[in-house]
Number of protein chains: 2
Amino acid sequence: METEEKKVYTIDDIARELGVSKTTVSRAISGKGRIGQATRERVLEFIEKHDYRPNVMAKGLAQKKTFNLALLLPKDYAVTEFPFFKDCMQGICEVASGHDYDVIISMIDGDDLSQIQRLEANRKVDGMILSRAVEHSMAQDYLKSCKEPFVVIGPEEDPQITYVDNKNLEASKELTSIMLMKGVQKLALLGGNQSFSVTESRYKGYLQAHKKTGRLVNEDMIFMNCENQTKVSEAVKQALEQGEDGILCMDDAICSMCIGSLRERKIPIPSQVRVASLYDSKSLEYNNPPITSVKFDTVRLGKMAAEKLLKMMGEETEEETQPLNYQVVLRESTQ
Amino acid sequence: METEEKKVYTIDDIARELGVSKTTVSRAISGKGRIGQATRERVLEFIEKHDYRPNVMAKGLAQKKTFNLALLLPKDYAVTEFPFFKDCMQGICEVASGHDYDVIISMIDGDDLSQIQRLEANRKVDGMILSRAVEHSMAQDYLKSCKEPFVVIGPEEDPQITYVDNKNLEASKELTSIMLMKGVQKLALLGGNQSFSVTESRYKGYLQAHKKTGRLVNEDMIFMNCENQTKVSEAVKQALEQGEDGILCMDDAICSMCIGSLRERKIPIPSQVRVASLYDSKSLEYNNPPITSVKFDTVRLGKMAAEKLLKMMGEETEEETQPLNYQVVLRESTQ
DNA sequence: CTGAAAGCGCTTACAG
DNA sequence: CTGAAAGCGCTTACAG
């Protein structure tokens, strides 16, 4: 029962102790190359018994791989986006570790490429995931110019770039349509930061739904860049003055602020104004009344990003063919 | 102007082209070992010109280092904790990359050690940072049993373990004292998840402040595990029925819910009830009225964690001696 | 089926 | 001050 330092074996030790060559040991482990059934089992057994784990760094050097991938996160994201990034991260980590890859995070600041360049110069990763595509981001252009494989999370117009995205446009269109069908006459839209692509997608969905049903959209029904309580309150005030009877919020944070503002003005939901959100959260679900909103499977989004990337890097992965989807959850706030 | 593949040099190439040995090149780069001024400059110049960057993985193998550190994040953290983790992450990444280290994230799920064991077995990191110490966490015990250096973010009673923490107890004590001095007669405490150490620290601060001023604390003034709107609303209701004239919330999320609940009941802040939070956020700052709260420098907390860890790993770092601190920001909600 | 050898791109005693 | 050589712990043609 002494606290003896457990010896950490190398492939050399194993070869010596077993009286075989390290080539053989390597083959038994990797499963590549021909090897006798008997020897393989002997090696595997020894490994199991002594809990040998190959040195990934050495393996990487020999194979010119790093077994790392990078997740590029914006440094400046707003509170409203936390749940999104956290879920992405979780999905990515899960599939990465399933392939014995690790994920290195790098927080990148707007158009400052230095962190990306550092990662690239140091050759510590085999591929990168760029989260939250900002319109006209330099990062994308830069990554394209490198040989490094990468996928972006978010909408992407460049057909040469691999991406995954939630169906924001479709979801927005569907929820808008539903609200119009339910009898909302004038539906205000409270949007987020206009430089984010997701804002644009949701906006388009809203427009298309109006077009489809032959409804007019007036400039003054659209309130963009609702990033704090003050902006939201102003928007709500103006919308009410204009007699809007429905408010569609682009995400849960905006929606929370919107609800707060309505409550302050003692405007009943849904009897005077129906409210819905294009991104769900617990606080909307548990609100009184519960708020209608769209649920995405963001963990899965992250997983798909990682799978796509691993595939580009030549890993074998059973990429899910089933497309990402969403659910519109109708709750009391739109009844 | 062709898109020629830029050759990626190795130390061997440089040695050959310069007619020196690779030992010399290595020395010129690392600055270790004696080397002639002239040769050093020749090498450095060549490197600069051809933008040579040493292969970190190879360097690592030779030095038995990985130049990675791991950040262990709980998989299940609540919305309320996002800003905290994000700021930590940012601080850690900043100092890590300053030392040419990268940070690998791993999301660990309660008492499931498998992810930690994987990291350890793969030897992909030189040290770990365990964020959010949960009371009696297995992770800590496990890490202690490994040789791997690690530091924890959060309070820590074990004197053998290195940790960094915000001064939650002190801050809680100070803010509580201030509220009592300002004339609050009965101060309710709305606390978070009781299994987190931070909850305990803040609770203690609240108690100590009462003791110091000779005030009694009644069981029924304490409301723990206020993790959703329902629980908070109940707590607020009960507190009001008991005639409390002050409410101290443990964090910004709890406080937001508390404010919402008060607003619904049309209880004016601060005239009927004074409200304060032990963790600040924009939404509290911009609330109407603005909410008194405590500001911590969490980015710096992350930095210090990383610095402490790097030091344990033998890196040279000018560790900041200045202790972490906090500011109590008195706003309208406690006037 | 198995192994000796070279190689991945660095570092570092050791000798000169 | 400089270099030849061994080594970090793996993989992988190549030969047998």
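So that the names make sense, note that chain A is the first sequence line, chain B the second, and so on, each numbered from 1.
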| Distance test, side-chain N/O of B:Lys22 to OP1/OP2 of C:dT11, below 4.0 Å | no
| said: So, does A:Gln63 get its side chain near the phosphate of D:dT12, meaning an N or O under 4.0 Å from OP1 or OP2? | reply: yes
| Can you tell me if B:Asp13 uses its side chain to pair, donor with acceptor, with the backbone of B:Thr10 under 3.5 Å? | yes
| Hey, does the side chain of A:Asn55 reach the backbone of A:Ala58 with a donor-acceptor pair shorter than 3.5 angstrom? | yes
| task | Measure from the side chain of B:Ala58, starting at C-beta and using heavy atoms only, and say which of D:dC10, C:dG3, C:dG9 lies closest. | result | C:dG9
| task | Remember a base hit wins even if backbone is also touched, and classify A:Val20 as base, sugar-phosphate or nothing at under 4.0 Å, heavy atoms. | result | sugar-phosphate
| said: Whole angstroms only, please: what is the NZ-P distance between A:Lys32 and C:dC1? | reply: 18 Å
| Which whole-number value in Å describes the distance from A:Asp12 CG to C:dA4 P? | 11 Å
| Does A:Thr24 place a side-chain N or O at less than 4.0 Å from the phosphate oxygens OP1/OP2 of C:dG3? | yes
| request: Could you tell me whether the side chain of A:Arg123 and the main chain of B:Arg53 form a donor-acceptor pair under 3.5 Å? | output: yes
| field | Nearest to side-chain heavy atoms of A:Ile11, which nucleotide of D:dC10, C:dC8, C:dT11 | value | D:dC10
| query | Looking for any heavy atom pair under 4.0 Å, which part of the strands does B:Thr39 touch: base, sugar-phosphate only, or nothing? | reply | sugar-phosphate
| So, does A:Asp126 use its side chain to make a donor-acceptor pair with the main chain of A:Phe67 at under 3.5 Å? | yes
| task | Could you tell me the separation between the CZ atom of A:Arg53 and the P atom of D:dC10, rounded to a whole number of Å? | result | 12 Å
| Quick check: does any side chain N or O of B:Arg42 sit under 3.5 Å from a backbone N or O of B:Arg40, one acting as donor and the other as acceptor? | no
| field | Under 4.0 angstrom between B:Ser21 side-chain N/O and D:dT2 OP1 or OP2 | value | no
| said: What is the separation between atom CE on A:Met57 and atom C1' on C:dT11, rounded to the nearest whole Å? | reply: 15 Å
| message | Using a 3.5 Å limit for the pairing distances, which stems of at least 3 consecutive Watson-Crick or G-U wobble pairs does DNA chain D take part in? | response | C:1-3 with D:14-16, C:5-12 with D:5-12, C:14-16 with D:1-3
| In whole angstrom, what separates B:Phe67's CZ from C:dT11's C1'? | 11 Å
| Euclidean distance, atom CZ of residue B:Arg16 to atom C1' of D:dA4 [Å, nearest integer] | 16 Å
| query | Do you know which of B:Asp297, B:Thr298, B:Ile92 makes side chain to side chain contact (heavy atoms under 4.5 Å, CB included) with B:Asp87? | reply | B:Thr298
| A:Thr23 side-chain N/O to C:dA4 phosphate OP1/OP2 under 4.0 Å | no
| query | More than 12 heavy atoms of other residues, nucleotides or ligands under 6.0 Å from OH of A:Tyr163: is that the case? | reply | no
| request: Would you kindly compare B:Ala62 and B:Arg27 by the position of their nearest DNA chain D nucleotide and give the one closer to the 5′ end? | output: B:Arg27
| message | From C-beta outward on A:Leu61, which listed nucleotide comes closest to its side chain: C:dC8, C:dC14, C:dT2? | response | C:dC8
| field | DNA chain C: 5'-proximal contact among A:Gln37 and B:Ile29 (nearest heavy atom) | value | A:Gln37
| Nucleotide C:dT12, atom P - distance to NZ of B:Lys64 in whole Å | 12 Å
| Within the structure, does a side-chain N or O atom of B:Ser26 lie under 4.0 Å from either OP1 or OP2 of C:dT12? | no
| Donor-acceptor pair, A:Lys75 side chain versus A:Ser106 backbone, under 3.5 Å? | no
| request: Tell me whether the OP1 or OP2 atom of C:dC10 has a side-chain N or O from B:Tyr52 closer than 4.0 Å. | output: yes
| query | Rounded to whole angstroms, how far apart are NZ on A:Lys124 and P on C:dG9? | reply | 17 Å
